[in-house]
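Written out below as structure tokens is the structure these notes cover.
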Amino acid sequence: MPELPEVETTVRVLKPKVLKRTFVDVWTDAPKLIKKPESLSEFKKRIKNKKIKEIYRKGKNIIFELSGGLSLLIHQKLTGHLLIGKWTFKNGKWIAPSGPLSEKMNRFLHLVFTLDNGQMLALSDLRKFAKVELWKTEKLKNSSTIKNLGPDPLEKTFNFSKFKKIILSKKGKIKQVLMDQTVIAGIGNIYSDEALWRAKIHPFKDISKLKEKELKELYKNIREVLKKAIELQGESISDYRTPTGKKGRFDRFRKVYRREGEKCSRCGATIKRTKLGGRSTHFCPRCQLLTR
DNA sequence: CGATTCCCCTGATAGC
DNA sequence: TGCTATCAGGGGAATC
């Protein structure tokens with residue numbers, strides 16, 4: 001499930017491989033992934049012969065800035081991940097070279113861009129939830145997709161007082177607020193659970209009940225866990241893989257997410273899983289008390 | 001305007 | 001064995 005660290009890893013790995021490259025061809029067996037423009041032929045026509053001038057992350061979105069005043073936006077959602085390599089097309093399907101790209105999770109190719117050096121940029125997406133949009137760069141900047149995003153938690157300007165201010169301006173349960181992309185951009189289910197465990201805060205704790213000390217711990221731990229995950233190229237307990245098809249190595253630092261029934265590494269209590277707003281939520285019932 | 005619900009999709013898993 | 005029902009889940013749209 002790509003969140004900020006996984007999307008950042010994708011951008012960092014792709015960057016040297018795609019900068020200054022030109023799109024020469026597009027293949028898809030799932031045209032519904034392409035939301036903009038609506039017509040696939042129009043999408044193909046517009047993206048062909050455009051050069052990748054820049055690639056960057058905005059929240060969980062990947063944006064390729066192209067020549068001709070265009071920008072390609074890709075959101076990987078739950079199971080999407082971008083891969084780079086050289087596949088061959090045989091009998092209606094893509095054959096991956098041996099190595100990580102041929103591994104199971106990388107087989108669900110639904111969109112393949114061929115670049116001018118023969119390399120391919122491919123979107124593997126088991127559940128086909130990803131979205132691909134081609135925008136005029138100026139329009140994208142003013143779009144609600146971009147404008148409604150909250151600040152990036154790793155930006156230099158994102159200091160504690162800014163964090164405190166935006167969190168306290170919201171109401172509700174802390175985990176839900178952390179996952180709200182209009183509040184802070186980039187945190188999802190995994191890293192909200194992990195940051196809250198590190199900060200010893202119960203995911204259901206109401207914003208209004210948070211103490212100054214807890215806010216400070218949370219601020220610090222959000223940034224630390226995200227940085228650590230980027231350093232390790234993200235987590236791959238589920239579908240995510242880096243663009244070369246390899247697993248991220250954050251797993252050994254994962255303390256609660258998908259660890260229901262295991263012992264808390266800090267206090268030994270049994271990790272619990274519940275639902276919050278339709279999302280599974282993991283926490284330690286002993287070190288993350290609701291009332292403290 | 002905010003809060004909630006539905007929907008997109010398919011592999012894995014449980015139940016019969 | 002093989003079928004069917006359920007679940008997971010980001011975010012956008014529709015609805016309350």
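Chain letters run A, B, ... following the sequence lines, proteins first and then strands; every chain starts at 1. Please read all numbers here as calculations on a predicted model, not as lab measurements.
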Problem - A/Lys15: salt bridge (Lys or Arg N to Asp or Glu O under 4.0 Å) partners, not counting sequence neighbours - result: A/Glu54
Practice task
Please check if the side chain of A/Arg286 supplies one atom and the backbone of A/Cys267 the other of a donor-acceptor pair under 3.5 Å.
Solution key: yes
Exercise for the section: Answer with base, sugar-phosphate or nothing: what part of the nucleic acid does A/Asn189 contact at a heavy-atom distance below 4.0 Å? Expected result: sugar-phosphate
Completion exercise
Under a 4.0 Å heavy-atom criterion, DNA chain B is touched by chain A from B/dA3 to B/dA12
Exercise for the section: Please name all residues satisfying salt bridge (Lys or Arg N to Asp or Glu O under 4.0 Å) with A/Glu38, sequence neighbours left out, ordered by chain then number. Expected result: none
Exercise for the section: State which residues pass salt bridge (Lys or Arg N to Asp or Glu O under 4.0 Å) with A/Glu65; sequence neighbours excluded, sorted by chain then number. Expected result: none
Practice task
Pick base, sugar-phosphate or nothing for A/Tyr257, based on heavy-atom distances below 4.0 Å to the nucleic acid.
Solution key: sugar-phosphate
Exercise for the section: Using a heavy-atom cut-off of under 4.0 Å over every strand shown, decide if A/Gln76 touches base, sugar-phosphate, or nothing. Expected result: nothing
Practice task
Answer yes when A/Arg254 and A/Asp251 have at least one side-chain N-carboxylate O distance shorter than 4.0 Å, and no when they do not.
Solution key: yes
Completion exercise
At a 4.0 Å cut-off to heavy atoms of chain A, the contacted part of DNA chain C spans C/dA8 to C/dG12
Fill in the blank from the handout: Sorted by chain and residue number, the salt bridge (Lys or Arg N to Asp or Glu O under 4.0 Å) partners of A/Glu231 (sequence neighbours excluded) come out as A/Lys228
Exercise for the section: Select base, sugar-phosphate, or nothing to describe what A/Lys170 touches, counting heavy atoms under 4.0 Å on all strands. Expected result: nothing
Practice task
Check every strand shown and say whether A/Leu126 touches a base, only sugar-phosphate, or nothing at a heavy-atom separation below 4.0 Å.
Solution key: sugar-phosphate
Practice task
Return each pair, listed once, that meets salt bridge (Lys or Arg N to Asp or Glu O under 4.0 Å) where at least one residue sits in residues 108-124 of chain A; pairs must be two or more places apart or across chains.
Solution key: A/Arg21-A/Asp116
Practice task
Applying side chain to side chain contact (heavy atoms under 4.5 Å, CB included), name anything that partners A/Leu168, two or more places apart in sequence or on another chain.
Solution key: A/Lys164, A/Ile207, A/Leu215
Practice task
Specify the residue among A/Lys77 and A/Gln176 whose closest nucleotide of DNA chain B lies further upstream toward the 5′ end.
Solution key: A/Gln176
Exercise for the section: Remember a base hit wins even if backbone is also touched, and classify A/Met179 as base, sugar-phosphate or nothing at under 4.0 Å, heavy atoms. Expected result: nothing
Problem - Contacts of type ring pair (Phe, Tyr, Trp, His ring centres under 6.0 Å), residue A/Phe204, not counting sequence neighbours - result: A/His202
Exercise for the section: Kindly calculate the angle separating the two end axes of the helix from B/dG2-C/dC16 to B/dC16-C/dG2, each obtained from five base pairs, and round it to 10 degrees. Expected result: 50°
Problem - Residues forming a ring pair (Phe, Tyr, Trp, His ring centres under 6.0 Å) with A/Phe253, sequence neighbours excluded - result: none
Practice task
Would you classify A/Ser280 as touching base, sugar-phosphate or nothing, given that sugar-phosphate means primed atoms plus P, OP1 and OP2, and contacts are heavy atoms under 4.0 Å?
Solution key: sugar-phosphate
Completion exercise
For residues 176-199 of chain A, the salt bridge (Lys or Arg N to Asp or Glu O under 4.0 Å) pairs (sequence neighbours left out) are A/Lys175-A/Asp193
